[in-house]
Amino acid sequence: MHKNKAKPSTIFNIIPIMAFALLLSSGVNAQSVNKEIRHYAQSEEALKAGQKLYETVCAACHANDLSGGAGFNLKDEEWIHGSAPSQILHNVSTGFMNAGMPGFGAMFPEKKLKQVVAYVLSKRQGLDNLTYKIYPIETNKGIHEYQFSENSPISKSGKLPNNLIDFSLPEVQNYVIEFEGDLYTPNDEQTNLHAMTYRNHRTELFIDGEKIETSEDKWERRVWPLKKGKQHFKMRYYRINLKNNLNSRVRIFVANDDLTQKIYGISVSGKQFLNNATVPIKAEDQTKIQRKKVLGLPTSSISVGFVEKINAAFNSKTCTVVGAWSGDFMNIGPNIEGRARDGSIILGDWMFNFPQQIAPLKRSDCKFEEYKLHQKTVEFIYRINNSRIKLKMSASSPNTLKLDFTLLSGSLNDAQLKTWQLPKSDALVITSNNGTITNHQLTLPKNTQSWQLNLQKKVK
C-alpha cells in the first residue's frame, strides 16, 4: 500500500545528497557567470556598453573613475561583499537598501548588468586573494648569499583580508616572508612595481611563475616591469642578519611607465604613504590658480580651476594653452610628500595636454606680463613680438571652456597670429565664433581685434 513511501533511513540518506547537489549546481552556475563576465571584460564593445550604463546610474555614488564617494571605491583591493564576478553581479542585482543602494536587477536586463560588472573589473587595481608564509631562517650567510628553499619549515601562514602586503606579521628576527595572490594593473597602460627599500634589502618578484629582474635598482627605488591586466603575483622579502629593523619603511606601489606617478599602494605602508600624499585642491566657490608642477604639463604652467569643474593650463614661457581637463582641479600632495620629486596630479580626465596645445602656428617671442584672477574668470596679459594680447578664460558649463582673445595693441600680422595650431584630441570639439577651423588649424580674418575659441568636451 505504501510502495512510494521511502523508509526513514532512506530519506535521511537522500537529504544530504540533495543539499550537495544544490551546492554543486550553485557552484557550477557561479563558474558559468564568472566565465561569461570575464569574456565580456575582453570585449571592447561590451566594456563600452558597461561604461555607458555605469556612468549613467553608478557614477553619482561611486565616481566616474570608480574611486568612490557616497559609495565604496570599486577599483581598490577591498571587496567587503565578495570580489568574484558572480558575487559582484549578485550585489548589483539585489542591492543594499539599508546602505542606500537599490537593486538594479528589476531595472535592467541581466546582460547589461554583466557588462557593468565587466567594466568595473576591467578597472580593478591592487591585490586579491593575498596570502602569506613566514619561513624562520637560521644562517651565518649574508642576506644575498642565502639560498632559499620552499621546503623550509613555515612558522606562520594565512590569508590577508585587506589584500595589502604587511611587513609587521613576522615575530622572529631572521626570516623570509612570501606574499602570493592575484595582481590587477591597468589594461591600457604599462606599469611597474616600485619598492622604496634600502640597497641591502633583498626582494624577489615572480609574475605568472617567472622570476622578474629589476629594471632599476637604486636607493629607495627598486623597479620591476609588470604585465597589463590580471597576473599571478609572488613576492619574497628577506630579512637575514640585518642590524636595524626597517620593515615599516618598505613602501610598495604600482607606478606608471616613466615612474613619475605612484598610482596605488599595494603594501600597508605604501597605501598610508599615498594617503598622506593626498592634498586635493578644488574650485568650490571661486576660480583657483596653482603654479605647481603638474604631471603632463610643462613646469612653467599656470593651472586654472573653475567652479564648473572644467580646468585649463597656460604656459607662461611660451604664452600658449597647454592643457584642459574636466572634473575636479588637482591633488598637490605628491609635491609635498615626495619632496617635489613627483608632480601634482589632475583630479579629472584630460581633454588634451602637452605637447598638444593652442599656439600660433609660427613660433614667436613671448613675454608674459601678469595674470588677473576674478571670481569666475582669469585673464593672462602677454606680448608676442610687437603686439600685446589679453586671454580671458571662463567656463560656461562643466563641458565647455571659453577662451576669449583680445588684441590690446599691434596687429595680427605683426604678431604672426593669423593662423593657430589646435589640439588633436578625440575627447574634444573646438569651435570659433569668428575664425575658420580646418585640419586642426584656426585661420582668422584680416584686421581681427578679438576672437573666441570654445572647447567642448565630447560626452560619451
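Only this structure's heavy atoms are used, side chains among them; waters, hydrogens and symmetry mates stay out. The first residue of the sequence shown is numbered 1, and numbering continues consecutively from there.
A donor-acceptor pair under 3.5 Å is absent between the side-chain atoms of Thr287 and the main chain of Phe306, judged by distance alone. Remark: the backbone N or O of Ser450 is paired with a side-chain donor or acceptor of Asn434 at under 3.5 angstrom. With hydrogens and angles ignored, the 3.5 Å screen pairs a side-chain donor or acceptor of Asn311 with a backbone N or O of Gly327. Proximity of a side-chain donor or acceptor of Ser301 to a complementary backbone N or O of Leu297 within less than 3.5 Å is not detected. At distances below 3.5 Å, not a single donor-acceptor pair connects side-chain atoms of Arg251 with backbone N or O atoms of Ser269. The closest donor-acceptor contact from the side chain of Asn192 to the backbone of His194 lies at 3.5 Å or more, if one exists at all. Of the possible donor and acceptor atoms, one in the side chain of Gln375 sits under 3.5 Å from a partner among the backbone N and O of Asp285.
Ring to ring, Tyr237 and Phe167 are close: their centroids are under 6.0 angstrom apart. Side-chain rings of Phe233 and Tyr184 stay apart, their centers remaining 6.0 Å or farther from each other. In summary, the aromatic rings of His62 and Tyr54 are positioned with their centroids too far apart to meet the 6.0 Å limit. Aromatic ring centres of Tyr382 and Phe314: separated by under 6.0 Å.
For the atom pair NZ (Lys262) and CD1 (Ile345), the distance works out to 9.0 Å, reported to the nearest 0.5 Å. Taken from OG1 in Thr448 to CG in Leu417, the straight-line distance is 10.5 Å, to the nearest 0.5 Å. A distance of 4.5 Å separates CD1 in Ile430 from CG in Leu422, rounded to the nearest 0.5 Å. Taken from NZ in Lys402 to OG in Ser396, the straight-line distance is 6.0 Å, to the nearest 0.5 Å. Going from atom CZ of Phe253 over to atom OH of Tyr264 covers 13.0 Å, rounded to the nearest 0.5 Å. One finds the CG atom of Leu226 at 8.5 Å from the CD1 atom of Ile212 (value rounded to the nearest 0.5 Å).
Counting non-hydrogen atoms of other residues, nucleotides and ligands closer than 6.0 Å to NZ of Lys234 gives a total above 12.
Between Leu193 and Val254, the shortest heavy-atom distance links the atoms CD1-CG2, 4.4 Å. Taking each heavy atom of Ile437 and Leu442 in turn, the nearest pair found is CG1-CD1, 3.9 Å. Considering all non-hydrogen atoms of both residues, Leu412 and Pro445 come closest at CD1-O, 3.6 Å. Nearest heavy atoms, Ser432 versus Gln452: OG-O, 3.0 Å. The heavy-atom pair separating Asp404 from Ser394 by the smallest distance is OD2-OG, 4.5 Å.
Side-chain contact between Leu183 and Gln125 is absent, with no heavy-atom pair separated by less than 4.5 Å. Using a 4.5 Å heavy-atom cutoff, the side chains of Asp166 and Ser267 are not in contact. Counting only heavy atoms from C-beta outward, the side chains of Lys211 and Glu213 approach each other to under 4.5 Å. Under the 4.5 Å side-chain criterion, counting only non-hydrogen atoms from C-beta, Leu361 is in contact with Gln441. Between Glu308 and Asn399, every side-chain heavy-atom pair lies at or beyond the 4.5 Å cut-off. Contact check for Glu44 versus Leu47: no side-chain heavy atoms found under the 4.5 Å cut-off. Looking only at side-chain heavy atoms (C-beta outward), Ile165 and Met235 come within less than 4.5 Å of each other.
Looking only at atom types and distance, the side chain of Asn315 has a donor-acceptor partner in the side chain of Ser300 under 3.5 Å away.
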field: Residue pair Lys392, Glu379: steps toward the salt bridge (charged side-chain N to carboxylate O under 4.0 Å, His left out) verdict
entry: CA-CA 4 Å; Lys392 183 175 78 170; Glu379 295 175 352; 5.7 Å; no
- prompt: Is there a side-chain hydrogen bond (donor to acceptor under 3.5 Å, both in side chains) between Glu180 and His232 once you walk through the steps?
  reply: CA-CA 8 Å; Glu180 187 169 5; His232 191 72; 2.8 Å; yes
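Using cut-offs of 30° and 60° on the angle between ring planes, the pair Trp451 and Phe405 is parallel. Using the six-membered ring where Trp is involved, Phe329 and Trp325 have ring planes that are parallel, under 30° apart on the 30 and 60° scheme.
Among His144, Glu204, His201, the one residue that satisfies the side chain to side chain donor-acceptor pair (under 3.5 Å) test with Tyr238 is Glu204. Here the options are Val321, Val322, Leu391, the test is side chain to side chain contact (heavy atoms under 4.5 Å, CB included), and the partner is Ile358; only Val321 passes.
With respect to the salt-bridge test (charged N to carboxylate O, under 4.0 angstrom), the residues Arg124 and Asp128 qualify. Taking the charged nitrogens against the carboxylate oxygens, Lys458 and Asp426 have no contact shorter than 4.0 Å, which rules out a salt bridge. Checked for salt-bridge contact, Lys114 and Glu36 meet the test: a charged N lies under 4.0 Å from a carboxylate O. Remark: Lys228 does not engage Asp188 in a salt bridge, criterion side-chain N to carboxylate O under 4.0 Å. Looking at Arg388 and Glu369, a side-chain N of the basic residue comes within less than 4.0 Å of a carboxylate O on the acidic one, giving a salt bridge.
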